[in-house]
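So that the names make sense, note that chain A is the first sequence line, chain B the second, and so on, each numbered from 1. Computed from heavy atoms alone, side chains included, the values below leave out hydrogens, waters and symmetry copies.
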There are 2 protein chains.
Amino acid sequence: MDKALFKQADLKQTELRAPRMGTTYAGPPAGGAEPSFDLIELMFFAYRDFVADADHLLENFGLGRAHHRVLHFVNRRPGLSIAELLEILKITKQSLNRVLKELLDKDYVEARHGARDRRQRQLFLTARGRVLALAVANLQSKRFAEVFAELGDGARAGATDFLLAMINANERDKVAALIGPRAVTGFPHVLDERTRR
Amino acid sequence: MDKALFKQADLKQTELRAPRMGTTYAGPPAGGAEPSFDLIELMFFAYRDFVADADHLLENFGLGRAHHRVLHFVNRRPGLSIAELLEILKITKQSLNRVLKELLDKDYVEARHGARDRRQRQLFLTARGRVLALAVANLQSKRFAEVFAELGDGARAGATDFLLAMINANERDKVAALIGPRAVTGFPHVLDERTRR
DNA sequence: GCCTATAAGTCAGTATTATTGACATATTTC
DNA sequence: GAAATATGTCAATAATACTGACTTATAGGC
């Protein structure tokens with residue numbers, strides 16, 4: 001009985017923890033209220049299963065979590081520079097290097113000299129890369145589609161609001177800006193001035 | 001300037017990816033709909049900041065993400081066995097060992113011989129461990145409190161429904177069962193039959 | 001044009017969290 | 001008593017990250 005309880009799959013361990021942000025620990029309880037154990041645990045499991053979709057798919061291509069992140073953000077912000085990518089991913093260039101090199105080698109990502117500044121390398125997905133990124137995004141979107149088929153489409157706005165509110169206030173605007181305008185099309189950077197002469 | 005550019009925080013990399021589940025990739029698009037890039041990205045950022053809270057706090061105690069998971073689940077299911085913990089965490093006992101040993105050494109966790117089966121070791125938090133686990137939970141709960149202060153308390157049920165629906169269907173009942181009844185008190189295992197003679 | 005700053009790439013060494021495989025020990029169950 | 005089970009442990013490895021130091025190419029100020 002206890003066996004069957006958690007048998008489903010071989011999961012990699014990475015959740016329930018993450019990067020440190022500028023969060024300040026203000027001391028024990030907020031104001032006497034009980035901790036929201038339910039939501040804490042739900043966040044853990046929901047995220048676990050959510051990312052598992054992408055993880056599972058990309059594994060077939062010999063790509064790991066680091067590759068996924070790069071693929072995702074290059075897809076979302078085509079034309080971004082190495083520095084910008086490092087800013088988003090919050091990793092060092094040494095860490096990025098291995099992963100990016102593999103993505104370049106395997107022809108998922110393409111780097112072009114910066115149009116304005118030749119020192120920069122602007123990153124784009126190749127056709128292959130775009131197919132893969134879209135496949136991942138579609139798989140993840142399928143989960144959302146099922147969720148809102150169950151909860152009703154009205155729940156989508158609520159979920160969006162909830163997730164946005166969960167983001168650190170100082171980053172919320174940036175994320176909202178990145179998300180809102182490009183939610184559907186997703187190709188703003190290609191059009192911005194940096195890629196023009 | 002490149003220095004300053006990346007200085008914000010020293011973040012560990014683990015998000016936007018996770019364990020593999022039994023998710024089946026059914027082919028490109030679901031039915032022609034655009035991928036939900038907005039929600040995909042929101043999940044990433046929301047979870048990133050959410051777990052950063054715990055991460056940041058535990059770092060002061062020399063504890064990492066693996067320790068957090070153990071602390072969390074032992075707190076939530078006191079009296080669980082090594083095997084049960086491994087099942088939940090989906091890691092090997094070799095991986096658990098180092099982490100658990102540290103938590104035992106540092107007196108956050110306590111292991112007692114199984115009451116029914118002396119081969120088993122049942123895990124409990126010590127007073128210290130409970131204080132720490134509660135501090136983490138309170139910090140994470142603070143974020144939820146702020147979110148629902150902003151969105152209104154009505155949003156809490158919606159968020160719960162959303163997160164629950166995001167969990168793989170085959171696990172949903174188990175998680176719901178674990179979460180619902182013990183959301184507040186959190187000490188069910190101690191009372192279950194396994195710890196009795 | 002030169003000098004400095006910047007963007008990126010690279011080499012070397014290390015940490016954390018995970019893995020697989022093999023085997024030892026204590027205890028339960030048949 | 002023998003086999004199964006729960007746990008612990010040794011050893012080697014992988015993926016993802018880190019710091020520090022250095023090179024190369026290009027941009028920009030003077």
Side-chain angles (χ1 to χ4, degrees), chain A residues 1-3 9-20 51 55 58-59 62-70 80-87 89-105 109 111-123 194, chain B residues 1-7 9-20 48 51 55 58-59 62-70 80-87 89-105 111-123 194:
Chain A
M1 184 255 195
D2 42 338
K3 296 299 181 50
D10 45 322
L11 303 177
K12 277 196 184 146
Q13 287 318 306
T14 34
E15 303 75 297
L16 197 56
R17 214 255 196 159
R20 315 140 209 147
V51 286
D55 201 67
L58 285 171
E59 204 161 64
L63 300 176
R65 65 190 69 179
H67 306 92
H68 180 196
R69 280 195 293 265
V70 172
L80 48 44
S81 67
I82 302 288
E84 288 170 325
L85 184 53
L86 292 176
E87 271 284 309
L89 297 179
K90 316 275 192 202
I91 61 175
T92 59
K93 63 184 169 182
Q94 295 92 326
S95 295
L96 175 61
N97 206 268
R98 172 187 59 93
V99 168
L100 182 57
K101 210 181 285 180
E102 282 173 22
L103 288 171
L104 290 166
D105 284 352
V109 173
R112 303 180 203 148
H113 277 295
R116 239 186 24 180
D117 184 340
R118 280 183 54 82
R119 289 172 305 180
Q120 290 187 331
R121 293 213 299 165
Q122 291 188 285
L123 303 173
R194 289 171 314 147
Chain B
M1 189 254 192
D2 45 337
K3 298 295 179 52
L5 205 68
F6 307 111
K7 189 155 292 176
D10 42 319
L11 303 176
K12 280 195 181 144
Q13 287 317 308
T14 35
E15 301 74 303
L16 196 56
R17 214 256 196 159
R20 315 140 210 149
R48 183 192 68 175
V51 285
D55 201 68
L58 286 171
E59 203 161 64
L63 301 177
R65 65 190 69 181
H67 306 92
H68 179 197
R69 280 194 293 266
V70 172
L80 46 45
S81 68
I82 301 288
E84 288 171 326
L85 184 52
L86 292 176
E87 274 287 308
L89 297 178
K90 316 276 192 200
I91 60 176
T92 58
K93 63 184 169 182
Q94 294 92 325
S95 296
L96 175 60
N97 205 268
R98 172 186 58 92
V99 167
L100 181 57
K101 209 181 287 180
E102 282 172 23
L103 288 171
L104 290 166
D105 284 351
R112 303 181 203 147
H113 277 294
R116 237 186 25 179
D117 184 340
R118 280 183 53 83
R119 288 172 305 178
Q120 289 188 333
R121 292 212 299 166
Q122 290 189 287
L123 303 173
R194 288 172 315 147

Reported [atom1]-to-[atom2] distance for the pair [X] and [Y], which is rounded to 0.5 angstrom:
{"X": "B/H67", "Y": "B/E59", "atom1": "NE2", "atom2": "CD", "value": "12.0 Å"}
{"X": "B/Q122", "Y": "B/E84", "atom1": "CD", "atom2": "CD", "value": "8.0 Å"}
{"X": "A/L85", "Y": "A/K90", "atom1": "CG", "atom2": "NZ", "value": "12.0 Å"}
{"X": "A/Q120", "Y": "A/R112", "atom1": "CD", "atom2": "CZ", "value": "14.0 Å"}

Rounded to the nearest angstrom, tell me the gap between atom [atom1] in [X] and atom [atom2] in [N].
{"X": "A/L89", "N": "D/dA15", "atom1": "CG", "atom2": "C1'", "value": "16 Å"}
{"X": "A/N97", "N": "D/dC22", "atom1": "CG", "atom2": "P", "value": "19 Å"}
{"X": "B/L86", "N": "D/dT7", "atom1": "CG", "atom2": "P", "value": "8 Å"}
{"X": "A/E102", "N": "C/dG9", "atom1": "CD", "atom2": "P", "value": "15 Å"}
{"X": "B/L58", "N": "C/dT16", "atom1": "CG", "atom2": "P", "value": "15 Å"}
{"X": "B/L96", "N": "C/dT16", "atom1": "CG", "atom2": "C1'", "value": "15 Å"}
{"X": "A/E59", "N": "D/dA14", "atom1": "CD", "atom2": "C1'", "value": "13 Å"}
{"X": "A/L123", "N": "C/dG9", "atom1": "CG", "atom2": "C1'", "value": "13 Å"}

At under 4.0 Å, does any side-chain N or O of [X] touch on OP1 or OP2 of [N]?
{"X": "B/R121", "N": "D/dA6", "answer": "no"}
{"X": "B/K101", "N": "D/dG8", "answer": "no"}
{"X": "A/S95", "N": "D/dC18", "answer": "yes"}
{"X": "B/K93", "N": "C/dT19", "answer": "no"}

Inset, instruction - Apply side chain to side chain donor-acceptor pair (under 3.5 Å) to A/R119 and list each qualifying residue two or more places apart in sequence or on a separate chain. - result: A/D117
Legend entry - DNA chain D: 5'-proximal contact among A/Q94 and B/Q94 (nearest heavy atom): B/Q94
Inset, instruction - Please examine the side chains of B/L123 and B/L103, heavy atoms only from C-beta on, and report whether any two atoms are closer than 4.5 Å. - result: no
Legend entry - Close side-chain approach of B/L104 and B/R121, heavy atoms under 4.5 Å: yes
Inset, instruction - Compare the minimum distances between each of D/dT7, C/dA8, D/dA15 and the side chain of B/Q120, then state the nucleotide with the smallest one. - result: D/dT7
Legend entry - Contact pattern, 5' to 3', of nucleotides 25-30 of chain D - B, S or - by protein heavy atom under 4.0 Å: BBS---
